Amino acid sequence: MERKYDHQKIEQKWQKVWEDNHSFHVTEDPNKEKYYTLVMYPYPSGKLHMGHLRNYAIGDVVARSKKMAGYNVLHPMGYDAFGLPAENAAIEHGVEPGKWTHENMDEMDRQLKTMGISYDWDRKLASCNEDYMKWMQWIFIQFFKKGVAYKKDTDVNWCPSCNTVLANEQVWGGTCERCKSVVEKKKLSQWNFKITDYAERLLENIDTKLGGWPDNVRTMQRNWIGKSKGANITFPIEDSDKIIEVFTTRADTTYGVTFMVLSPEHPFVEELIKGKPCEEEARAYIKECSMKSEIERTAEGREKTGVFIDTYCINRLNDKKVPIYISDYVLMGYGTGAVMGVPAHDQRDFDFATKFGLDIIPTIQPEDPEVDPNNLKEAFLAEGKVINSGEFNGMDWHDAIAAVEKMLEEKGWGHHTITYRMRDWIISRQRYWGCPIPMIWCDDCGWVPEKEENLPVKLPTDVEFTGKGESPITTSPTFQQGVTCPCCGKPARREVDTMDTFLDSSWYFLRYTDAHNMEEPFNKEKANYWMDVDQYIGGIEHATMHLLYARFFQMVLHDLGLTDYEEPFRNLLTQGMVIKDGRKMSKSIGNVVSPEEIINKYGADTARLFILFAAPPDRELDWTDAGVEGSYRFVNRVYRFVYDFHEEFGAGSKEFTVENDDDKELVYMVNRAIKKVADDVSGKFAFNTAISTIMELVNTMYKYKKGDNVNVPLLRYAVETLILILSPFTPHVCEEMWQYIGGEGLVFDQSWPEYDEDALVMDTVEIVVQINGKLKDKINMQAGADAGEMEKIALESDKIKEQLEGKQVVKVITVPGKIVNIVAK
RNA sequence: GCCGGCGUGGUGGAAUUGGCAGACACGUAGGACUUAAAAUCCUAUGGUCAUUGCGACCGUACCGGUUCGACCCCGGUCGCCGGCACCA
């Protein structure tokens, strides 16, 4: 170790040692308790950003501190390697997606390794690798056999000019991002997963099994699944044999129905408008709706639109004739695609009725006398008694729901039901750079899975990338060559679609437990040893999609008997964004700071320390260059202390006896730091306060060393402890210092130091004395003083006596070891 | 519009969850060392008033409440951020 701190030399040295020794490689050890730390694997864009650095720094402190606490720690890394950017690179620059992706991964490997994260690189995976594709396809086939995968006609964004399917992010304000044509909806037969079959279990487990998740994520998932209880009610259409079925949570308001709204996509619409006066207007309206994305339809604000379709249906509860409209505020994808309009008790229906001059009939009597039910200014949503509803009049609102539902069931006009907001997962993508769906269409046998021995179905390389037309796979001359039905052997056609990349990320955590298995996706014993993931770490933006899909996959794989765990992630930490100057780091604003630049200039240790110190992990982090300087100074300050101390006193005994108050204070600070850093890091993730505690210890050590009576063995003990507890944060410089002071082996392999409870007990404590809750004095007292003694000492204080002059003490409140509050008048 | 979260010095943030508001840093100012600079070290640093000293008062977005005591709990208001699929 040299006098001057040379971060580049030190970091390269230890990174090489770790790599050469495979220091972070782990295997199953039944005698040790396991701990699986996982950070969300990155998309290989080619460049690491600060968000990555933050994510991985957090994960590494967790992994390294758990390892020191005695656990067998699995901490893997890999790449979410399929996706649109690689295909765009192919279209724009003619680069092969595979080549582009592999070059990016190599570059990211290099950058990641400069961060000094304790990854078991021997388990590295990439979702585009053939072995991963093989088992991905194998899993798809199991899902198909289980009935979880099925084909269905579904809407896609369609650009009529490029003649191609667009992803949501390729649609800009309703137009194609490349050619600016207006995007339409088009029906396509696509593969779906029946995630809705698992809705109830996914919902139940949020309460029973996800106790280690943040409440906001659990709430978001609950809302996403969106369970609601209600009734399906049927309304026969006049002069037709058709019956409209609606879903409502408010069966009690059925007497207040004054109109009916069908979604423009509702299957009855075509037949109902045909030949009617409204036909032209209705068709134009439907066309207009088909051009809008669901997001635009919902972002339109409160102004309601719609068309009366010259048709009526019958409300069988009161035999009233009800006009039928179509309107885009009713979505085909939720409930039954039809809504009964009760303007008195639903705000959207109220807005619609107001716009179209329809009747508003109240069926709930407001308790507030200020509200006139016959002249409502807005929908009335509060509780009350039922009115205008025949036999149900006078009933409580809640009771009426059940009573109406019971009556509907008896008459055969409806039934109680449960609806979920969540829809099935459409997994087909009309793209090249994804995992091929291993299915074959045979005119005789239908959809048949490819034979297992033929997996993986590889991506063809003889394809053209134009950005137009169907999937590039269809341009391959060889992809369909010689394909026969695995069932009957007749000539057949392969599926040309690929899988949504969310499938890849829904089981990678299982593959890590057995990353090179060529016989099966993962060995069950190995997966059972490492699963579930003890700590999952990633961005909040994945709260619903990825985190729900992964839970769903784990559940199906559990049901297939492949793993014992039903839920994949025991504890979840969602980290905040990295911002600069109050704004998100972005190229267009020009405030991007690259981790590589910072690591070159200050070193990975400093970069990691700053990013962990600047804010708690779940909050936004404001990057400041000045703040990094501060962390760099701290690393230097520690380095200098250890260097100077060792130069002066050398190695030797660490057996000490406490000789004076300074010794006692130092011992206290060391032990306090051991305890507090461990507490802050495990579970609380308060890395910022853990680091500030270490800073306080270093400040104390400097002060102590400058004093008159340096107790060398004691200070040796303090130095050794400091290196150990700092090592999860700044591992390179700690290895260097550990080696320098003559520590055995790697600091990485050391145990977390134990603290001495007795050293944390103080002889005297500072007691705060308040008068009427305001701080007036601080007095040192024996640590064990009881309430009576405390009160006596407080009342004898000169300052307090002075303040109490002319006042009368009403009562005194004492909290032992903390406070005396004198209430005086 | 609905849901979730946040609001503390010039700045990032602390505060053992109802008991000393501002830990630890950054920044700034002054000083020591130096021919000088960098580095390092020391001192001060919420506001106002008083500074000859002791100090005094105010202060956690705003208004109110509960309490001996409120950044923390309750009610209301304002502002900012995030999520959303008008969910019937």
Side-chain angles (χ1 to χ4, degrees), chain A residues 4 214-220 222-224 226-228 230 246-250 253 261 293-295 297-304 327-331 333-342 345-349 351-352 419-423 540-541 543-544 574 576-577 579 582 584 609-610 613-616 618-631 633-634 636-637 640 676 679 686 688-699 702 706 766-778 799 810-815 817-824:
Chain A
K4 193 179 172 317
D215 285 340
N216 58 339
V217 176
R218 300 202 299 163
T219 305
M220 281 185 207
R222 253 185 235 113
N223 293 344
W224 186 272
K227 178 178 181 172
S228 60
V246 302
F247 172 74
T248 179
T249 54
R250 294 290 304 272
T253 65
V261 191
S293 73
E294 204 162 283
I295 290 157
R297 243 163 97 160
T298 59
E300 241 189 321
R302 307 206 55 81
E303 185 70 12
K304 293 283 178 286
S327 174
D328 64 2
Y329 83 95
V330 176
L331 304 174
Y334 181 77
T336 60
V339 170
M340 60 180 207
V342 186
H345 305 294
D346 182 285
Q347 191 56 44
R348 285 152 303 159
D349 295 348
D351 295 339
F352 192 85
T419 298
Y420 298 93
R421 207 170 61 108
M422 184 170 64
R423 305 198 277 256
I540 185 77
E541 67 272 21
T544 43
T574 54
M577 267 193 318
I579 59 169
K584 192 174 166 175
L609 190 74
F610 171 70
F613 178 61
D618 53 350
R619 265 209 243 178
E620 262 183 6
L621 184 144
D622 194 34
W623 183 272
T624 62
D625 294 337
V628 185
E629 292 276 357
S631 293
R633 272 205 291 272
F634 175 71
N636 269 283
R637 198 166 143 77
R640 218 165 37 239
K676 186 160 164 53
D679 286 352
N688 53 337
T689 52
I691 293 166
S692 77
T693 302
I694 298 174
M695 286 174 168
E696 285 174 279
L697 172 61
V698 173
N699 290 344
Y702 263 99
K706 257 194 359 196
E766 197 179 58
I767 297 298
V768 172
V769 185
Q770 300 177 329
I771 296 177
N772 296 330
K774 301 229 178 225
L775 171 76
K776 295 295 171 188
D777 198 8
K778 295 175 185 180
K799 270 190 198 169
V810 181
K811 97 175 152 176
V812 178
I813 287 141
T814 51
V815 180
K818 274 185 185 160
I819 204 164
V820 178
N821 187 19
I822 301 160
V823 185

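A quick note: this is a predicted structure, and the numbers were derived from the prediction, not measured. In what follows, every chain begins at residue 1, and chains take the letters A, B, ... in the order their sequences are listed. Heavy-atom basis, side chains included; hydrogens, waters and symmetry copies ignored.
- Here B/rG9 is in the syn range [glycosidic angle within 90° of 0].
- Between the C1' atoms of B/rG31 and B/rA15, the separation comes to 32 Å (whole Å).
- Applying side chain to side chain contact (heavy atoms under 4.5 Å, CB included) to A/Val769 and the options A/Thr814, A/Asp777, A/Ile819, A/Asn821 leaves one that passes, A/Asp777.
- With C1' as the reference atom, B/rU67 and B/rC73 are 10 Å apart, rounded to whole Å.
- To the nearest whole angstrom, the two P atoms, one in B/rC41 and one in B/rG53, are 30 Å apart.
- Going from atom CD1 of A/Ile771 over to atom P of B/rC68 covers 17 Å, rounded to whole Å.
- A donor-acceptor pair is defined here as one N or O able to donate and one able to accept, closer than 3.5 Å; no such pair exists between the side chain of A/Arg348 and the backbone of A/Tyr329.
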Give the dot-bracket line for RNA chain B from 5' end to 3' end: parentheses for intra-strand Watson-Crick or G-U pairs under 3.5 Å, square brackets for crossings, | for inter-strand pairing, dots for unpaired.
(((((((..(((......[....)))((((((.......))))))((((.....))))..(((((..]....))))))))))))....
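- Separation of the P atoms belonging to B/rG22 and B/rC71 is 12 Å when rounded to the nearest angstrom.
- Counting heavy atoms from C-beta outward, A/Ile813 and A/Val820 have side chains that stay 4.5 Å or more apart.
- Positionally, the nearest nucleotide of RNA chain B for A/Glu620 lies more toward the 5' end than for the other of A/Glu620 and A/Gly335.
- Nearest nucleotide to the side chain of A/Leu775, out of B/rG69, B/rG13, B/rA21: B/rA21.
- Checking A/Ser228 against A/Ile813, the closest nucleotide of RNA chain B that is more toward the 5' end is the one next to A/Ile813.
- Shown here for A/Ser631 and A/Leu609, the closest heavy-atom pair between the two residues is O-CD2, 3.9 Å.
- A/Thr419 comes within contact range of no nucleotide atom at all, as no heavy-atom separation falls under 4.0 Å.
- Considering only side-chain atoms of A/Val815, the nucleotide from B/rG19, B/rC87, B/rC20 that sits closest is B/rG19.
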Quick one: which protein N/O atoms are closer than 3.5 Å to N/O atoms of nucleotides 22-26 of chain B? Pair and distance per line, please.
residue	atom	partner	partner atom	Å
B/rA23	O2'	A/Glu696	OE2	3.3
B/rA25	OP1	A/Asn699	ND2	2.8
B/rC26	OP1	A/Arg633	NE	3.3
B/rC26	OP1	A/Arg633	NH2	2.9

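- A/Arg637 and A/Asn699 share a donor-acceptor pair across their side chains, judged by distance under 3.5 Å alone.
- Nearest heavy-atom pair across A/Val330 and A/Gly337 is CG1-O, 3.5 Å.
- Spacing between B/rG30 and B/rG82 at atom C1', rounded to whole Å, works out to 44 Å.
- Set against B/rA14, B/rA88, B/rG12, the side chain of A/Thr248 has B/rA88 as its closest nucleotide.
- Between B/rC33 and B/rU43, the two C1' atoms lie 15 Å apart (nearest whole Å).
- In this structure, A/Val768 reaches the bases: a heavy-atom distance under 4.0 Å links it to at least one base atom across the strands shown.
- The distance between atom CG of A/Asn216 and atom C1' of B/rC3, rounded to the nearest whole Å, is 11 Å.
- For B/rU17, the O4'-C1' to base torsion is within 90° of 0; the nucleotide is therefore syn.
- One C1' atom belongs to B/rU8, the other to B/rC24, and the distance between them is 16 Å to the nearest Å.
- A salt bridge (charged side-chain N to carboxylate O under 4.0 Å, His left out) check over residues 767-776 of chain A, counting only residues at least two apart or in different chains, returns nothing.
- Note: NZ (A/Lys774) to P (B/rG55) measures 18 Å, nearest angstrom.
- Screening A/Asp349, A/Val246, A/Thr248 against A/Val339 for a side chain to side chain contact (heavy atoms under 4.5 Å, CB included) leaves a single residue, A/Asp349.
- Atoms CG (A/Asp618) and P (B/rG13) sit 11 Å apart, rounded to a whole Å.
- Comparing B/rC26 with B/rC80, their C1' atoms sit 24 Å apart, to the nearest whole Å.
- Nearest heavy-atom pair across A/Phe613 and A/Asn688 is O-CB, 3.4 Å.
- Rounding to whole angstrom units, CG of residue A/Asp328 and P of B/rA85 are separated by 15 Å.
- Between A/Asn772 atom CG and B/rU67 atom C1' the separation is 13 Å, expressed in whole Å.
- Here A/Arg348 reaches the OP1 or OP2 of B/rC87: one of its side-chain N or O atoms lies under 4.0 Å away.
- The CZ atom of A/Arg619 sits 11.0 Å away from the CG atom of A/Leu621 when rounded to the nearest 0.5 Å.
- Residue A/Asn223 is in sugar-phosphate contact alone, with no base atom involved, counting any heavy-atom pair closer than 4.0 Å across all strands shown.
- For A/Lys776 and B/rC54, the NZ to C1' distance is 15 Å, given to the nearest whole Å.
- The heavy-atom pair separating A/Ile767 from A/Lys818 by the smallest distance is CD1-N, 3.5 Å.
- For A/Leu331, the side-chain atoms get nearest to B/rA85 when compared with the rest of B/rU16, B/rA85, B/rC68.
- No N or O donor and acceptor, one from the side chain of A/Lys811 and one from the base of B/rC68, sit under 3.5 Å apart.
- Looking at the side chain of A/Thr249, the nearest of the listed nucleotides B/rA88, B/rC42, B/rG69 is B/rA88.
- Taking atom CD1 of residue A/Ile819 and atom P of nucleotide B/rU67, one finds them 18 Å apart after rounding to whole Å.
- Considering all non-hydrogen atoms of both residues, A/Met220 and A/Ala543 come closest at SD-CB, 3.5 Å.
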